Every structure is written in structure tokens, then in C-alpha cells.
Colleague: 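Can you read through this structure? Questions will come right after.
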Amino acid sequence: MAQQQEQAPERIQNSKIIGVATPRIDGPQKTTGTAMYTSDHHFPGLVYAWPTTATVSSGTVQKIDASFAEKMPGVLAVYTHENLGRLYRVPPGPMLTLMIDETRPPLEDTTIRYYGQYVAVAVAETMEQARAAAEAVKVTYTKSAHNTADQLLTASRELTTNESPKTDENASGVKEVTKRGDTANALASTHTTHDAVYSTPTETHNPIELHASLAVYKDGRFTLYETSQAVVNHRDVLAAMLGVPPDKVQVITRFLGSGFGGKLWPWPHSALASACSRNLGRPVKLVVSRSMMFESVGHRPAIDQRIQLAATPEGKFTAIQHDYVNHTSIQDDYDEGCGEATGILYSCPNLLVTAGMARRNVGTPTSMRGPGAVPGLYALESAVDELAIKLKIDPVQFRLMNEPQVDETNGKPFSSRHLKECLTTGAEKFGWEKRNAAVGSMKNASGQTLGWGMAACSWGAMKTDAEATVELRADGTARVATGAQDIGGGTYTVIAQMVSHETGVPVEKVEVVLGDSSLPPGPISGGSWATASLTPAVLEAARSATQAILLAATKSDGSPFKGKKQDDLEFVNNSVHLKGQAGPTLSTSDVLKLAKAQSVNATGKSRGLFGDPHAKYSFHSYGAQFVEVTWEPEIARLRVSRVVTVIDGGRMLNPRTAQNQIEGAVVMGVGMAMLEATEYDQRTGQPINNNLADYIVAVAADCPHIDVTFLDYPDFNLNPLGARGVGEIGLAGVAAAITNAVYHATGVRVRRLPVRIEDLLAAPEHTRAIA
Amino acid sequence: MQPFELITVSSIPDAVKAQAASSTAQQGAPVRFIAGGTNLVDYMKINVETPRQLIDINGLPLAGIESTPDGGLKIGALARNSDVAHHELVKERYPVLSQALLSGASTQLRNMATTAGNLLQKTRCVYYRDTAYGCNKRQPGSGCSAIGGHNRMLALLGTSDKCIASNPSDQNVALMALDATIHVTGIKGDRAVPIDKFFLLPGQTPERETVLEPGDLITHVTLPPVPSGAKSLYLKLRDRASYEFALASAAIVLKQSGGRVESVQVALGGIGAVPWRSHEAERALTGKVVSAVNFRAAAEAALHGARPQSQNGFKVELAKRCLAHALAQAAAQA
Ligand SMILES: Cc1cc2nc3c(=O)[nH]c(=O)nc-3n(C[C@H](O)[C@H](O)[C@H](O)COP(=O)(O)OP(=O)(O)OC[C@H]3O[C@@H](n4cnc5c(N)ncnc54)[C@H](O)[C@@H]3O)c2cc1C
């Protein structure tokens with residue numbers, strides 16, 4: 001395995017802070033209710049906006065009659081396409097800038113493209129008044145035919161795209177994502193093959209915190225309190241939409257009640273709130289309701305994936321073909337990217353991944369935790385399990401036998417890849433050697449049938465540009481600031497750890513300031529990149545700040561180091577002393593006192609690797625998911641009872657928050673595999689289970705016993721702490737491991753998620769006979 | 001939500017008088033009692049219920065749970081679901097009721113929810129709840145959107161071409177199996193309604209769900225004693241492990257002797273337009289040998305008249321397995 005790791009500085013390897021389980025520094029604020037989430041903010045003169053939403057999913061607005069609504073108590077205004085004021089489309093930006101999924105500004109025209117599209121917005125003194133007025137706005141439509149069907153591949157399994165009319169210039173047909181060798185020939189000439197279609201439904205992000213926007217327009221400036229996973233991008237997008245320079249917009253997200261990707265890019269409600277505030281000159285709060293969350297703030301699209309595999313009788317892959325189609329909206333192209341992991345997971349000479357889109361009358365899809373890889377691996381790792389069964393090879397062995405030496409998509413060495421160790425460690429922890437491969441053959445102590453399944457997974461590692469400032473203060477505290485955000489994963493804490501590690505200021509004395517676009521630009525909280533991207537910038541800023549202290553120590557009157565060369569001094573434990581010698585030490589506070597200064601301040605900047613074709617290595621995280629399900633055929637009850645997860649995610653800077661990410665992701669995987677699906681009423685095109693009673697997610701009682709192991713191999717090629725990121729990898733592979741276990745328990749192969757009682761009732765003879 | 005007036009009453013006659021001003025005690029009532037509020041307020045928020053007046057009855061002395069002279073139990077209309085579920089007499093004499101209550105909703109909701117409120121809780125049909133759709137129960141004559149729509153959770157038995165909504169309550173299934181009596185006081189005085197006469201099948205008038213008339217206040221529910229030696233239990237099947245309504249459930253009171261079923265009371269939940277008492281299953285089983293085959297036959301009899309919709313056909317088999325398994329479990333307890 002080509003793993004050319006640069007040596008880590010000793011100090012990092014023996015750190016008492018990095019790699020140590022550290023409680024969240026923002027925990028007390030959250031548990032005492034003092035953490036200010038977006039919709040908690042309040043300002044004098046604040047008024048409330050509530051949108052009126054389309055009740056057809058295709059057509060045009062014929063007439064909007066707001067005359068009654070406008071006269072209702074407390075109502076200040078009702079805005080429609082006629083009087084909202086100008087909102088501009090956002091021009092395409094360089095890589096990872098000006099990102100927006102639903103490109104049409106709200107109320108731009110009278111065409112309705114999906115159910116729930118905003119057609120008007122009422123503003124009133126109270127939220128109840130705004131809502132009542134919005135609901136009293138009378139809208140008449142000319143309806144046209146709509147399509148929300150979840151069948152994306154045609155019966156012949158060919159990819160179908162652009163089924164709905166659409167202007168050709170944007171039409172995207174089937175595109176090749178990655179290709180090597182001659183897949184068609186290999187599939188035709190190999191003895192053991194597998195060919196099946198795997199479908200995943202629309203999934204709706206349902207963070208408990210609703211999307212919200214609180215816009216304060218004053219003297220030509222917009223201060224926007226948003227639920228954003230990317231405040232800097234949000235600022236730039238809103239500035240473009242509002243037609244003002246970016247320095248006239250400030251975006252603030254101090255705390256996020258989670259986002260799961262749904263809050264990465266701005267959605268129409270944000271522009272709506274800004275436009276209302278601009279019109280009225282008053283602060284405007286717009287909280288998106290739970291049912292609107294199913295319509296106009298993105299979702300993971302429905303996807304059909306056809307997987308074709310071929311292998312030699314000994315179990316070496318000879319061909320992998322992965323064709324997927326995801327639905328997208330009428331206006332926008334959203335590619336789920338299901339091939340994320342397909343090209344790199346296994347060694348295989350012939351490989352082809354293709355992508356297509358099918359237009360539906362739905363809101364524009366967006367990233368959901370582990371976009372692409374998560375549904376992609378459900379399909380791929382299900383298919384690999386099915387092929388292993390055909391080959392009569394243990395699924396763990398089968399995967400071990402196909403380990404690649406290099407990234408076969410581009411020939412680059414892997415920076416740090418320990419998938420084999422994930423698989424073997426997981427197998428050992430799970431007790432895999434006790435598995436009897438026969439379907440329905442295993443029982444627990446109370447006589448329930450057990451199913452054991454597993455899957456491998458991976459998720460790309462990356463870092464983006466980042467900037468941070470670190471201030472060391474005379475009172476012994478430090479302040480670190482960057483325009484990144486903590487979406488609940490622990491970024492506040494990990495940044496405090498980095499500063500503490502570099503300066504010796506204790507974690508509890510590090511003030512971390514995030515979530516404000518006026519700070520030095522930080523990374524998005526997406527892609528599991530935030531930690532990896534921030535590390536070099538924060539370390540550099542902290543180091544520069546300590547250098548400034550050293551310099552002051554050589555220059556200040558009364559300093560024992562006055563006149564010494566800066567290079568002769570060393571900064572350890574928030575104090576200065578002579579390199580390699582006992583002798584006087586001077587704390588940062590002492591130095592600053594002598595220098596008659598309050599603090600020193602330094603900036604750190606680091607370059608990302610995103611989109612860099614010259615990157616030397618192929619960076620990914622890896623993992624193995626082992627799952628046990630418990631099956632009671634008499635009552636068709638199946639529960640996920642045990643999960644062993646082994647993650648190769650680089651250095652864990654904070655094993656506590658990292659473990660929390662993986663556990664949460666596994667529970668989300670239980671939801672994905674067993675419960676979650678947004679259902680469209682095909683007659684109206686409305687997501688009909690648009691609430692948390694009917695869109696069911698895993699609850700505490702559904703949580704399996706979860707055992708998380710981190711291999712903890714630092715990836716120093718990515719950044720000086722060797723950290724990658726673990727926000728998404730924990731979800732990858734879980735659904736396939738579950739459906740593989742479901743098959744092992746019941747004999748039912750579920751190729752359309754979620755696994756439902758409907759599917760399980762079809763288990764042959766309650767699977768008892770098979771045993 | 002529509003603006004409404006909230007009044008508080010401190011006597012039963014005042015409560016009756018206040019509600020008697022209502023044109024109906026059924027769907028669309030302009031005056032409503034409010035007990036725990038966990039069902040009513042949810043529907044008010046989305047304009048499915050639009051009362052102009054709420055009568056807060058929480059001050060009335062109707063929360064008691066006590067033994068009756070015949071060895072049965074009297075449960076006050078305002079007794080909270082958690083208090084009933086954890087009451088010693090309920091756990092001892094009517095485990096089926098305790099289990100049914102504890103399988104429903106969440107601790108927080110059960111702490112608020114009351115016996116009468118639970119009895120009268122509305123269907124969870126998504127079209128009943130969404131005023132953008134036709135629903136004969138919510139708006140008579142506007143059609144049933146659930147037929148041909150999203151009907152996975154809805155009823156198989158007792159439905160009509162006007163309505164296929166299911167009664168979602170767990171408590172009611174247990175009360176049905178236990179032959180509960182609902183005690184009502186109204187403008188014409190008190191009356192006792194056996195539970196199998198209390199709920200109305202949807203027929204052509206799905207907006208009428210019970211026999212309640214304007215002014216009718218449920219005061220309490222009584223349970224007759226179960227046959228001595230009988231075992232009772234509740235089994236609920238659903239997609240997730242907790243905090244969800246039943247796809248199918250079964251309440252059983254079973255007495256066996258000498259390897260035979262001496263008496264049995266069977267009710268099913270999640271599959272009926274009303275909480276579903278199955279005399280068919282009872283007849284199929286009474287006097288029969290305790291065996292898996294006979295339990296399955298009883299389950300077949302119970303679901304004999306099932307009328308599946310586009311999405312809920314699987315519940316026919318699921319309900320059969322649920323009932324057969326519940327019977328087997330009850331038999332195993334003896
Ligand atoms: C999230 C959620 C999950 C739930 N899950 C379940 C579940 O799994 N299983 C289950 O069975 N239930 C479940 N429920 C429903 C719950 O059991 C009911 O909401 C509750 O029992 C209603 O009782 P209440 O006292 O709050 O009724 P209220 O909301 O106060 O009243 C309901 C109706 O009863 C009427 N009423 C109340 N008292 C009287 C009286 N004395 N006389 C005449 N009329 C009266 C009211 O006018 C109103 O029309 C769930 C509810 C929620 C919100």
C-alpha cells in the first residue's frame with residue numbers, strides 16, 4: 001500500500017489535548033438554553049413573515065387576491081411577484097463559491113414548478129397574524145400536468161432522462177462519471193455476474209431546528225441571522241440576489257440545531273425575509289414550518305441505481321458498472337453523485353459509472369449527509385453482498401481480496417488507507433467468525449432469528465481554503481475567530497483544542513468565535529471538511545501569535561530576553577524561555593505587560609486542495625459496518641439490534657465528539673434503511689407525510705447497541721494534525737449492512753428502501769423452514 | 001388557528017349547559033370540551049377543528065379510579081392515561097388496558113392525555129388533517145381522498161365508500177375487549193352506553209363518529225370484572241419500536257380450561273374504522289382446543305371481511321399474525 005506519510009512532529013503525537021476526549025465547550029450554553037439559535041433572536045420593531053405556498057405542483061398563477069388578507073389584524077403587507085421588489089439570479093461563481101441549489105429567486109415569475117413553491121408572503125406584527133393572513137390569500141391557478149413519480153429507470157432498465165419538457169440548452173443526458181477498461185466486454189465474458197436495480201426514496205432532512213431567517217435592513221446594510229452551514233457563501237449569495245456588494249451583507253449563525261446538508265446553501269425563504277425587511281425597513285423573522293421543510297429547502301432525491309458486477313470464480317472483480325438516475329427539479333440540475341466511492345473502493349480493471357437525471361415537479365434536491373456515497377454505497381455494497389453469496393465467498397473475505405494498491409481512477413497513491421484493517425477489526429469485534437452463512441440459521445438466547453450483515457464504506461477527504469485569527473491576551477486567555485460555523489458537531493471545541501495545543505492556554509480559557517461572515521473567511525461545514533480545512537489555518541495563526549510574543553520578549557524593556565535573538569527563544573505552555581535551557585521563563589501576560597500591550601493578534605491562512613488536479617495523493621476515509629438484526633417472523637417484527645463500526649478517519653482530534661458523530665450517523669442509517677421516505681401524493685404532487693408523525697425517523701427505542709472503533713491513523717499529507725473528518729462516513733454503508741443482515745435473517749432481499757413490513761411478510765415460510 | 005374563547009367550568013351541569021349551546025358534538029362542533037388538549041389543540045392549529053369556544057373541564061372531579069362493588073373498575077373521564085396505566089388495580093385486573101396505554105404516544109403525552117380524550121381522539125388519516133384535500137369526515141360531501149391515495153395506515157374493516165379512516169387509539173381496543181361501558185351525562189340526564197354501541201361506523205355519515213349529542217359529557221368508564229383465571233394482554237405492531245400508532249394491534253382476554261378455550265374476548269386496532277371487536281374470532285375459538293392452528297383460524301375469521309385499499313393490503317396478513325400471536329401469548333400465560 002502506497003502510504004507515504006510524512007513524520008509527525010513529536011509534540012503532536014504526545015499531545016495532552018489533541019486526541020483527548022474533551023467535553024463540548026458550548027455544552028453548558030446548550031443545556032441551559034442560553035445558546036442563541038437563529039430564531040431565538042429578537043429586535044425592537046420585529047415583524048413576522050409567513051409564506052403562502054402553491055397548492056398545485058405544475059401550472060401558472062392566474063390571480064392572487066390579497067385584498068382580504070391585507071386588511072386582517074396586524075398585517076403590514078402582502079407581497080407577490082408584482083410588488084416584492086427586485087431579486088436577482090446568482091451568477092455562477094468559481095469553485096465552491098456562490099453556491100445555491102434552487103437558482104430561481106422567490107416570486108420571480110408566475111410559473112409553478114412544485115407543490116409548496118412560494119407564491120406570496122404576508123408580513124404582520126405577530127407570527128399568528130402573518131400565518132392567518134398568508135392562509136387567507138386567495139390564489140387561483142391554471143393547472144398543468146405534473147410528474148412526481150418515483151420510477152426513474154424505465155422497465156427496460158435503460159436510463160431515462162428529461163422526461164418532462166425543459167429548455168434544451170440545460171438538458172443533461174447520461175454522462176460518464178468514471179471509466180476504465182472495457183466494462184461491457186468484461187460483463188459479457190465473465191461467468192459469475194450480478195445485475196440488479198436498487199432504489200432509494202426521497203429523504204427529507206428533518207433537523208429539529210427549522211430553517212429560519214431573520215433579516216435586519218438598516219441604512220443600506222443587511223444583517224441576516226440565518227440557519228446556515230456556510231455563512232460566507234450565504235453572504236455572497238444573498239448580496240448577489242439583493243443586488244448589493246457583499247460588504248453590505250453580514251450573515252450570522254452562532255448555533256445551528258443541525259442541518260445534515262440541508263442548510264449548506266441558501267433557500268428561497270432567506271431572500272424573501274431580506275426583501276420584506278428591505279421593503280418595510282423593519283426586522284423580519286421568517287421561520288419555515290415543518291411542512292414547508294418537505295417542499296422548499298431541499299431533500300435527498302429519489303434515486304434508481306443499476307449495478308452490474310462480474311467476478312472470477314475465485315472472487316476477483318472483473319467488471320463493475322454503476323448507472324444511476326436521480327430525480328431533480330424542473331429548473332435545476334442536481335446530480336447526487338452516487339459514484340463517489342465506486343471507483344476507488346475495489347480493484348477492478350473494467351469499471352464504468354454513469355449518471356443521469358429525471359425531472360420531476362419537486363423542489364430542488366440538495367446534499368444530505370454523505371451525498372452520493374451514502375445511497376451509492378447502499379446499492380454497491382448490496383450488490384457486492386449478492387455477488388459474494390453467488391460466489392459462495394464470505395463477504396468480508398471477498399472485500400479483502402479486492403483491495404486496490406492505488407486509486408485506480410487516477411493512478412495516485414492513497415494518502416492513508418486502512419480499509420482492510422477496518423474489515424478485520426470489525427469482524428473480530430463483531431464475532432463474525434461465528435456466523436453461519438445459511439439464511440435464518442442463527443438464533444439468540446430467546447429464540448429470535450438473527451441476521452448478520454456487513455458493508456464497507458468510504459468518504460472523500462478534502463480541505464478547502466481557510467483563514468483564522470488568534471489573539472493572545474494579557475489576562476492569560478486566547479481568542480480565536482473564523483467565519484466557519486459549528487453545526488452541532490463540535491467545531492467550537494476542536495478549535496479551542498487546537499489553540500490550546502499550540503499555545504498552552506487551557507481549553508477553557510480559549511474563546512472561540514464562529515458563525516459570522518464578517519470574520520476571516522472560514523470553510524463551509526459540509527463534506528466533513530471543516531476540521532481538516534481549519535487545522536492548518538488555526539495552527540498557523542496560533543503559531544504566529546506565539547512568534548509575536550517571542551518578538552516582544554526580545555524587544556521589551558525589563559525582559560530577561562531583551563536583545564536575544566527570537567530564534568533562541570521557545571514558546572511552551574503560554575510562556576517564553578530560552579531554547580533547551582533551564583532559566584527564566586516569562587508568561588505571555590508578563591511579556592504583554594512589559595510591552596505595555598493588551599494582546600497580540602495574528603492571522604493564519606491555508607490553501608485547500610479542492611479541485612486541485614496536482615494533489616499528490618488520493619484522500620479518503622474508510623470504514624466497515626457490521627450489523628445484527630433480530631427477526632421475529634411470527635409477527636413480522638425486525639429490529640436492528642447491534643452495530644459495530646470501525647472508522648479509518650485520520651487522527652481523531654476529539655474522540656468524544658467524533659464518536660458522537662458516528663453514533664448519530666448509525667442511527668440515521670437505521671432511519672434510512674428501515675423508516676424514512678418522503679411520499680408524494682401522485683394526484684397533487686404534494687409530499688403528503690409532511691410532518692414528524694408521518695415521516696418517521698428512528699427514536700431512542702430504535703437505537704441499536706453501537707460499538708465505535710477509530711483506527712486513528714493520522715493523515716499528515718492532508719494537514720499537520722493528520723485530521724480528516726467524521727461527519728459523514730458513519731452513515732455510509734449502514735443501509736447496505738442492514739439490508740444484507742435482513743437478507744441473512746429473512747431470505748428477503750430488499751432493493752427498494754426503506755425495508756418495510758410489507759417486504760418482510762414475504763419471507764419464505766417465515767424463514768423457519770430454511771433453517 | 002381560529003381565535004377562540006376559553007371558559008372554565010366548576011360543575012358538571014355547567015359543563016353540560018355550556019356544550020349544549022353547540023349545534024353538534026361531532027365534527028365541526030363550535031363548542032368543545034378540552035381535557036388534556038393533546039388531540040384537540042393539534043387539530044385546531046391546522047384548522048381542522050375550529051371551535052369558537054373551549055370549555056376547560058379539568059377542574060371537574062372526574063379523575064378518580066376506583067373499584068366497583070361487582071369487582072370491576074370505574075375510571076374517571078379525566079384520569080390521565082399514565083395514572084390509569086400505572087394504577088395497581090388496573091395492572092392487577094386489566095393488564096391489557098395498562099399495556100395498551102403504555103404502548104401509545106409518549107410519557108409526556110400520556111401525562112396529559114385523559115380517558116375520555118383518548119376515547120374521542122380523531123383519526124390520523126393525512127387527508128383528514130390537510131384542509132387542501134377533500135375529506136367526508138372533515139367536510140361532508142367533499143369526497144374521500146384516502147381512497148386511491150396515501151392509505152397505508154388506514155382501515156380494512158368497517159369502512160365505506162365515503163371513508164376508510166382508522167380509529168388510532170390503543171386504549172379503545174383494550175376497552176372494547178373488556179366490554180367497557182361509557183357513562184355520559186347530558187341535557188336529558190345520565191346514560192350508560194356499552195362501548196360497542198358508542199362508536200358509529202362511517203357509512204354515509206363519517207362525520208358522525210359516536211352517539212354523543214350536544215351537551216353530552218363523558219363522566220367515567222366502567223369495566224366489568226374479567227372472568228376469574230382469565231389472562232389479558234395487548235400486542236401492538238408498528239414500523240418503529242416506539243412512539244407510533246399501530247399498523248395492527250390486538251387486545252385479548254382469554255380463559256382456558258383443560259386445554260380448551262373457555263371464553264375469549266378479542267379486539268383489534270389499527271385496522272378498523274372503529275375499535276374492532278371480533279365476535280367472529282371469538283366464535284371460532286370458544287370451546288376449541290388451544291393450538292396454533294386454531295388461533296390462526298380465529299385470525300382468519302377476524303379478517304374475513306377485510307377490504308384492503310391500494311397500500312394497506314399487507315395489513316390483512318399482519319393483523320392475522322398479530323392476533324394469532326397475541327392469542328398464543330395469552331394462552332402461554334395460563
Ligand atoms: C405525537 C402523538 C403520538 C400519539 N401516539 C398515540 C398512540 O400511539 N396511541 C394512541 O392511542 N394515542 C396516541 N396519541 C393520541 C393521544 O392518546 C391523544 O391525543 C389523547 O389521548 C387525547 O386525550 P386528551 O385528554 O388530550 O384529549 P383532548 O385533546 O383534550 O380532547 C380530545 C377530544 O375529546 C373531547 N373530550 C375530552 N374530554 C371529554 C369528556 N369528558 N366528555 C366529552 N368529550 C370530551 C374533546 O372535546 C375533544 O374533542 C398520540 C398523540 C400525539 C400528539
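Everything numeric here is computed off the predicted structure, so don't read it as measured data. Quick note on labels: first sequence line is chain A, next is B, and so on, each numbered from 1.
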Colleague: Between A/Asn690, A/Leu675, A/Leu638, who has the most heavy-atom pairs with chain B when the cutoff is under 4.5 Å?
Modeller: A/Leu675
Colleague: Can you tell which part of A/Glu632 gets under 4.5 Å to a heavy atom of chain B, answering side chain, backbone, both or neither?
Modeller: neither
Colleague: For chain A, which candidate among B/Gly148, B/Ala326, B/Cys322, B/Ala132 shows the most heavy-atom pairs at distances under 4.5 Å?
Modeller: B/Gly148
Colleague: So how far is it from A/Glu135 CD to B/Thr131 OG1, rounded to the nearest 0.5 Å?
Modeller: 7.5 Å
Colleague: Which bit of A/Val697 is near chain B, if near means a heavy-atom gap under 4.5 Å: side chain, backbone, both or neither?
Modeller: both
Colleague: Which pair of heavy atoms, one from A/Ala701 and one from B/Ser242, lies closest together, and at what distance?
Modeller: CB-CB, 3.6 Å
Colleague: After noting the C-alpha distance and the side-chain angles of A/Met674 and B/Asp239, does the key distance pass the side-chain contact (heavy atoms from CB on, under 4.5 Å) rule?
Modeller: CA-CA 8 Å; A/Met674 305 297 300; B/Asp239 288 309; over 6 Å; no
Colleague: Considering only heavy atoms, which portion of A/Glu758 lies under 4.5 Å from any heavy atom of chain B: side chain, backbone, both, or neither?
Modeller: both
Colleague: Side chain, backbone, both or neither: which part of B/Asp130 has a heavy atom under 4.5 Å from chain A?
Modeller: side chain
Colleague: Out of B/Arg129, B/Arg152, B/Arg124, which residue meets the side-chain hydrogen bond (donor to acceptor under 3.5 Å, both in side chains) rule with A/Asp694?
Modeller: B/Arg129
Colleague: Side chain, backbone, both or neither: which part of B/Phe245 has an atom under 4.5 Å from a heavy atom of chain A?
Modeller: neither
Colleague: Is B/Tyr133 close to A/Thr684 at the side-chain level, that is, under 4.5 Å between some pair of heavy atoms?
Modeller: yes
Colleague: Heavy-atom distances under 4.5 Å only: say whether A/Ala132 touches chain B with side chain, backbone, both or neither.
Modeller: neither
Colleague: Between B/Val126 and A/Asn689, is any pair of side-chain heavy atoms under 4.5 Å apart?
Modeller: no
Colleague: I want to check something: taking the side chain as every heavy atom from C-beta on, are A/Val699 and B/Glu244 in contact at a cut-off of under 4.5 Å?
Modeller: no
Colleague: What pair of heavy atoms forms the shortest contact from B/Ser145 to A/Arg683, and how long is it?
Modeller: O-NH2, 2.6 Å
Colleague: So which heavy atom on A/Ile688 is nearest to which on B/Tyr127, and how close?
Modeller: CD1-CE2, 3.7 Å
Colleague: Measure A/Ile635 against the heavy atoms of chain B and call it side chain, backbone, both or neither at under 4.5 Å.
Modeller: both
Colleague: Quick one: pull up CD in A/Glu634 and NE2 in B/His325 and give me the separation to the nearest 0.5 Å.
Modeller: 5.5 Å
Colleague: Tell me, with the steps shown, if A/Ile696 and B/Tyr243 meet side-chain contact (heavy atoms from CB on, under 4.5 Å).
Modeller: CA-CA 10 Å; A/Ile696 57 172; B/Tyr243 202 30; over 6 Å; no
Colleague: Any heavy-atom pair between the side chains of A/Ile757 and B/Lys315 that's under 4.5 Å?
Modeller: no
Colleague: For the pair A/Asp702 (side chain) and B/Arg240 (backbone), establish whether a donor and an acceptor sit closer than 3.5 Å, ignoring hydrogens and angles.
Modeller: no
Colleague: Please report the interatomic distance CG(B/Asn47) to CZ(A/Arg131), rounded to the nearest 0.5 Å.
Modeller: 7.5 Å
